[in-house]
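Fair warning: this is a prediction, and the values are worked out from it, not measured in the lab.
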Amino acid sequence: MEKECENISSKENELAGLPVRRLFFKLAVPAVTAQVINVTYNMVDRMFIGHIPKIGADALTGVGVTMPVILGISAFAALVSMGGAPRASIALGRKQHGEAERILGTCTFTLAALSIILTVVMLLFGRQILLLFGADAQTIPYAADYIQIYCMGTVFVQLSLGLNSFITAQGFSGTSMLTVLIGAVLNCILDPVFIYLFHMGVKGAALATVISQCISSVWVTAFLCSGRSVIRLRRSLIRFEPGILLPCIALGFSPCLMQITENLVAVCFNVSLLKYAGNTAVGAVTILCTIMNFTMLLLTGMTQGAQPILSYNAGAGNAGRVKETFRMVLFSCTVGSVLIWAFCMFGNELLAGIFTNDAGLLAYTAWALRIFMSMSAIFGVQVACQYSMVALGNAPVAIFLSIYRKILLLIPLIFLMPKIMENKAAGIFMAEPIADTAAVCTTSVCFYFSFRKLLRSMEDEAVEFR
């Protein structure tokens, strides 16, 4: 017990008193590394699938159709954990350890319950959902093979993704990184074994992912149940508490909506491109969305490193550290997005070649990538502001920003642009940079006023307390 108290005190002292720049990089570097590893092994799946002899291009397109479903499953994990984890950090900042553990227990129960519901839905209606999301007679066999196995591991996906957020929220970003690393290494080893050695094709890729996520979920659960964790996962607290859950869902609705709308965006791209440009364009957008996901995860890795600092110090009423932390996040995300933009503009053929050796698909993807990512240099501003609002517990602004970029801008543009431009496919790809530019401008203004109001509130409370 004494050792556990020392552990709690040490972590809280870091979040409250360690110099912000040093603390940010201490937490952000493992968080970014974890996101890079996560995307890398998702890319590995597609690399191995794309290089299956004779069927690689069709199989890759088929698995691309499953992306909205996979994003949807992970979005439910975000709904619970991405709201619960910041609230747990805020509770720690207020010295409410019991409340933080109740949040963890309630979120764990909810993640398990959601996984059961999602598994049943996918087993019953998976094929129909894939057809709705853009699969056709040529790609549905591969898409169905992949998702039937993947959905059997939904509980592992929910627990590994969802509970890992609570490890990060305590400031254990190194441990959180290990969770992802364990799954990534296993997936990279098992992919070629199942796909090529056992000749399982896309089924092998799905099975490798399920086994990897299973081991990761065991690792996460074991850590949260141990004395090393500041907030413990206790069996007595794994229960449904509406009063605890509803505020978590309200805050988690923004990151959940970001992922669900990413899901809708992928569907809209698939449907629109299939209509105007055919299966090659759908295969290309599968690769483009994977690269965009890499961009997002790399940048959100920085915000995840900052989340414990922002949330804890917001709970503690320390406006100065909140302001300094956000400046670090904004600078880091901006630099990161500029570097990603440069690589996409000048290394487009190299990036496309990672996913396919089909000459036609490679050339088409390299061309489309420059259009699709042309305004990604400024996207770091969007990520920094939006995720910081979640970390600070400002649900209404975060939700509005999520809806604005994807639902109000990007999705309508996907269907509008091919009606305006002569090159229909180019018009569809142009929807992304146009939406990015408008969203960054709006988000910057909204965040400025909301953040200023929040800081004034914290400063007024500090003066009143004194």
**Student:** Measure across Leu409 and Ala438 and return the closest heavy-atom pair with its distance rounded to 0.1 Å.
**Tutor:**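 Scanning both residues completely, I find the closest heavy atoms to be CD1-CB, 3.8 Å.
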**Student:** What are the two closest non-hydrogen atoms of Ala169 and Pro308, and how far apart are they?
**Tutor:**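 Residues Ala169 and Pro308, closest heavy atoms: O-CB, 3.5 Å.
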**Student:** Identify the heavy atoms of Gln213 and Ser160 that sit nearest to each other, and give their distance.
**Tutor:**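 Gln213 and Ser160 have their closest heavy atoms at OE1-OG, 2.6 Å.
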**Student:** With a 4.5 Å heavy-atom cut-off, do Ile129 and Met122 have their side chains touching?
**Tutor:**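 When only atoms from C-beta onward are counted, Met122 and Ile129 do touch, with a gap below 4.5 Å.
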**Student:** Could Glu349 and Arg370 be called an ion pair, given the rule that one side-chain N must be under 4.0 Å from one carboxylate O?
**Tutor:**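 A salt bridge is absent here (no side-chain N lies under 4.0 Å from a carboxylate O).
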**Student:** Using the ring of each side chain (for Trp, its six-membered ring), is Phe372 parallel, tilted or perpendicular to Phe429, with breaks at 30° and 60°?
**Tutor:**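 Judged by the thresholds at 30° and 60°, the geometry between Phe372 and Phe429 is perpendicular.
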**Student:** Hey, are the side chains of Phe223 and Leu163 touching, using non-hydrogen atoms and a 4.5 Å cut-off?
**Tutor:**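 The answer is no, as the side chains (C-beta and beyond) never meet within the 4.5 Å cut-off.
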**Student:** Taking the side chain as every heavy atom from C-beta outward, state whether Leu288 and Thr365 have any pair of such atoms under 4.5 Å apart.
**Tutor:**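 Of all side-chain heavy-atom pairs linking Thr365 with Leu288, at least one is under 4.5 Å.
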**Student:** Looking at Glu324 and Arg327, does any basic side-chain N land under 4.0 Å from a carboxylate oxygen?
**Tutor:**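 Looking at Glu324 and Arg327, the cut-off is not met.
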**Student:** Let me confirm one number: the CG-CD1 distance from Leu123 to Ile147, rounded to the nearest 0.5 Å.
**Tutor:**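 The CG atom of Leu123 sits 10.5 Å away from the CD1 atom of Ile147.
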**Student:** Looking at every heavy atom in both Pro86 and Ser81, which two are closest together, and how far apart are they?
**Tutor:**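 Looks like CD-O, 4.0 Å.
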**Student:** If you compare all heavy atoms of Met373 against all heavy atoms of Ile340, which two are closest, and at what distance to 0.1 Å?
**Tutor:**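 Heavy atoms of Met373 and Ile340 come nearest at CE-CG2, 4.2 Å.
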**Student:** Ile414 pairs by side chain to side chain contact (heavy atoms under 4.5 Å, CB included) with which of Leu273, Val271, Ile428?
**Tutor:**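 Single side chain to side chain contact (heavy atoms under 4.5 Å, CB included) partner of Ile414 among Leu273, Val271, Ile428: Ile428.
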**Student:** Do other residues, nucleotides or ligands put more than 12 heavy atoms under 6.0 Å from the CZ atom of Phe447?
**Tutor:**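 Yes, because the 6.0 Å sphere around CZ of Phe447 holds more than 12 heavy atoms from other groups.
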**Student:** I'd like to check Val80 versus Cys248 (side-chain heavy atoms, cut-off strictly below 4.5 Å). Are they in contact?
**Tutor:**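 No, side chains not in contact.
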**Student:** With rounding to the nearest 0.5 Å, note down the distance linking CD in Gln307 to CG in Leu27.
**Tutor:**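 Here the interatomic distance stands at 9.5 Å.
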**Student:** Is Ile231 close to Ile103 at the side-chain level, that is, under 4.5 Å between some pair of heavy atoms?
**Tutor:**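 Answer no - side chains too far apart.
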**Student:** Glu101 pairs by side chain to side chain donor-acceptor pair (under 3.5 Å) with which of Gln96, Arg232, Arg234?
**Tutor:**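 Per the side chain to side chain donor-acceptor pair (under 3.5 Å) rule, the option paired with Glu101 is Arg234, out of Gln96, Arg232, Arg234.
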**Student:** Do you know which two heavy atoms are closest between Ser217 and Thr221, and how far apart they sit?
**Tutor:**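 The pair with the smallest heavy-atom distance is O-OG1, 2.8 Å.
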**Student:** Between Val285 and Asn270, is the side-chain contact (heavy atoms from CB on, under 4.5 Å) condition met? List the steps.
**Tutor:** CA-CA 7 Å; Val285 85; Asn270 286 344; 3.5 Å; yes
**Student:** Could you check whether Thr442 and Tyr404, counting side-chain N and O atoms only, form a donor-acceptor pair closer than 3.5 Å?
**Tutor:**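 Short answer, yes.
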**Student:** May I have the step-by-step check of side-chain contact (heavy atoms from CB on, under 4.5 Å) for Leu251 and Val390, ending in yes or no?
**Tutor:** CA-CA 6 Å; Leu251 186 57; Val390 175; 4.2 Å; yes
**Student:** Kindly indicate, with the supporting measurements, whether the criterion side-chain contact (heavy atoms from CB on, under 4.5 Å) is fulfilled by Gln304 and Ser173.
**Tutor:** CA-CA 9 Å; Gln304 286 181 8; Ser173 57; over 6 Å; no
**Student:** Between Phe24 and Ser332, does a side-chain contact (heavy atoms from CB on, under 4.5 Å) hold up when you go through it step by step?
**Tutor:** CA-CA 10 Å; Phe24 173 72; Ser332 301; 3.3 Å; yes
**Student:** For Thr179 and Trp219, run side chain to side chain donor-acceptor pair (under 3.5 Å): C-alpha distance rounded to whole Å, both residues' side-chain angles, the deciding distance at 0.1 Å, then the answer.
**Tutor:** CA-CA 7 Å; Thr179 303; Trp219 162 268; 3.0 Å; yes
**Student:** Kindly say whether the aromatic ring centers of Phe166 and Phe172 come within a distance under 6.0 Å.
**Tutor:**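 Ring centres of Phe172 and Phe166 not closer than 6.0 Å.
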**Student:** Mind checking whether Asn394 and Leu454 have side chains closer than 4.5 Å, heavy atoms only?
**Tutor:**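 Of all side-chain heavy-atom pairs linking Leu454 with Asn394, none is under 4.5 Å.
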**Student:** Quick one: are Ser311 and Leu392 in side-chain contact, heavy atoms under 4.5 Å?
**Tutor:**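 The answer is no, as the side chains (C-beta and beyond) never meet within the 4.5 Å cut-off.
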**Student:** Would you please indicate yes or no on a ring centroid separation below 6.0 angstrom for Phe156 and Tyr150?
**Tutor:**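 Between Tyr150 and Phe156, the centre distance exceeds or equals 6.0 Å.
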